[in-house]
Amino acid sequence: MTSERIARLRYITGFATTYGEEVDPRVSVFARIWHVQRVVSVAGRLCDTTRGLDRARIQKLAWWHDLNRWPFAHNAEKENFDQAANVREYFSPFASCTERDLADLHGIHTKEAIGLTDEARIVLVADLLTGIIEDPLLAVTGINVNPRLIPAEVEEALGFSLHEEPWRSQCVDLAREFHGVEHPSPARFQERFEALFDRLTQRVLALHRRTDQNDALTALFGLARTVRETFIRPVIFPLNNEKVCHASWLRQEVVPWYCEHVDDARRRLLRIDERDFVADLIGIPGSPYAPHQFHPDVGYVAREEPEMAFIHRPHVG
């Protein structure tokens, strides 16, 4: 059961929408499953530097932490679904789930470190750290945002600048692979992206190494929150969620219409992926929706706000 739920994340929004791969295979790189895999990897690294932890439990919480997502994730969920409030209903039927697991998953979802076990705290920091590295990287290489838009104070906090070497040339190569060639290879992009993410993660962890591992985790938690609240949330999310992924339309129009027309819709939304969701919608008699409306607009920046673009000769496909 759990493996099927994890596999479902391959077709659930991560940084951006994954729907429409048959039209544009590039969008596969945005799937939530890749974010979760990165969190699992980062959590493992943090576990390696901290004694006395239950590695198996860390791995379990890391793999589980994003299972209860709707199709289109945050872009559909905001104001419609509370992931943290759903923890007990969703996870308690899992055979290996304990009361401590439920409390920890709730804390991970609310991003509240107080009261978490040491294992859950590792997963929370890993989730936050993964986000503040992968989101700027995907913004630059995946939706073509110029890294010069990243404020200097954010770069200083992270300890790297994507518009300075050696990172800039690697971002250029990735962005060209995604936006600048006639036949982009998602698999090649994914492989090179993961390698760059790994190098940047090593750098951030090295810069924030402490003798006391609790101090190190506290520092990383503070770093992640600062970058997220001062840059990713106010700058990247409005562009990515609204312009590329149609978030307001999804949550204010599409989701209410779906819930009105589909029996037991809220439970179903936790079982299906984005392909099933769109198939449900267009299969309802009188549906006003068509599949193309749900595709992410990955060419938005170059087309509509070229002054923000990193690559100025994007692939049109």
Side-chain angles (χ1 to χ4, degrees), residues 13-17 29-30 32 34-35 38-39 42 66 73-75 77-78 108-113 124-172 174-175 178-179 193-194 196-208 216-248 296-298 300-302 304-311:
T13 292
F15 178 76
T17 300
V29 307
F30 297 130
R32 185 156 295 270
W34 315 133
H35 164 75
R38 292 176 198 125
V39 172
V42 174
D66 253 352
H74 48 279
N75 292 324
E77 293 165 358
K78 188 177 180 181
I108 291 167
H109 289 165
T110 59
K111 295 179 172 52
E112 179 52 68
L124 174 57
V125 171
D127 186 31
L128 290 169
L129 184 58
T130 297
I132 65 169
I133 297 172
E134 72 181 358
D135 284 356
L137 268 182
L138 284 168
V140 169
T141 63
I143 63 171
N144 201 21
V145 173
N146 197 305
R148 290 191 177 277
L149 294 174
I150 302 173
E153 57 269 28
V154 169
E155 295 176 331
E156 183 177 357
L158 287 170
F160 63 82
S161 170
L162 296 181
H163 70 262
E164 295 180 359
E165 297 300 344
W167 316 116
R168 177 181 169 82
S169 59
Q170 296 175 63
C171 287
V172 168
L174 278 167
F178 199 89
H179 295 279
F193 182 93
E194 298 301 341
L196 179 53
F197 172 84
D198 188 66
R199 287 190 288 272
L200 290 171
T201 300
Q202 290 182 46
R203 180 176 178 82
V204 171
L205 290 176
L207 287 172
H208 293 274
L217 289 175
T218 300
L220 289 169
F221 185 78
L223 166 69
R225 278 205 155 171
T226 296
V227 174
R228 184 177 175 86
E229 297 303 323
T230 61
F231 171 60
I232 294 173
R233 187 180 295 278
V235 177
I236 295 301
F237 283 178
L239 174 65
N240 185 42
N241 295 351
E242 294 297 332
K243 304 299 185 181
V244 175
C245 298
H246 329 298
S248 291
D297 187 0
V298 294
Y300 172 84
V301 172
E304 302 295 337
E305 301 191 43
E307 70 283 358
M308 296 177 61
F310 188 34
I311 299 297

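In this text, all values refer to a predicted model and were calculated from it rather than measured experimentally. The analysis underlying the following values was restricted to heavy atoms, covering all of them including side chains, and did not include hydrogens, waters or symmetry mates.
The OG1 atom of T230 sits 9.5 Å away from the CD1 atom of I132 when rounded to the nearest 0.5 Å. Atom CG in N240 sits 11.0 Å away from atom CG in D297 (nearest 0.5 Å). Within the model, atoms CZ of R228 and NZ of K111 stand 5.0 Å from one another, a figure rounded to the nearest 0.5 Å. The structure places CG of N241 at 8.5 Å from OG1 of T17, a figure rounded to the nearest 0.5 Å. Between atom CG of residue D127 and atom CZ of residue R38 there is a gap of 12.0 Å, rounded to the nearest 0.5 Å. Atom OG1 in T218 sits 12.5 Å away from atom CG in L223 (nearest 0.5 Å).
For CD of E156, the number of neighbouring non-hydrogen atoms (other residues, nucleotides, ligands) closer than 6.0 Å is 12 at most.
Under the 4.5 Å side-chain criterion, counting only non-hydrogen atoms from C-beta, F197 is in contact with V42. L138 places a side-chain heavy atom less than 4.5 Å from the side chain of F193. No side-chain heavy atom of V235 sits under 4.5 Å from any side-chain heavy atom of L149. Side-chain contact between L220 and L205 is present, with at least one heavy-atom pair separated by less than 4.5 Å. Residues P136 and I232 are in side-chain contact: their nearest non-hydrogen atoms beyond the backbone lie under 4.5 Å apart. Side-chain atoms of V172 and F310, non-hydrogen and from C-beta on, do get closer than 4.5 Å to each other. Using a 4.5 Å cut-off on side-chain heavy atoms (C-beta onward), W167 and P147 make no contact. Annotation: side chain of L200 is not in contact with side chain of L158 (no heavy-atom distance under 4.5 Å).
Here the shortest heavy-atom pairing between C245 and N75 reads CB-ND2, 3.4 Å. Closest non-hydrogen pair, R203 versus G159, comes out as NE-O, 2.6 Å. In plain terms, the two heavy atoms of E242 and P238 that are nearest each other are CB-O, 3.0 Å. Nearest heavy atom pair, residue F30 against residue I143, reads CZ-CG2, 4.5 Å.
Using cut-offs of 30° and 60° on the angle between ring planes, the pair F237 and H74 is parallel.
Checked for salt-bridge contact, R168 and E164 miss the test: no charged N lies under 4.0 Å from a carboxylate O.
When I150, T141, V145 are each tested for a side chain to side chain contact (heavy atoms under 4.5 Å, CB included) with L162, only one passes: I150.
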How far apart are the C-alpha atoms of N144 and F178, what are their side-chain angles, what is the distance that settles it, and do they pass the side chain to side chain contact (heavy atoms under 4.5 Å, CB included) test? CA-CA 9 Å; N144 201 21; F178 199 89; over 6 Å; no

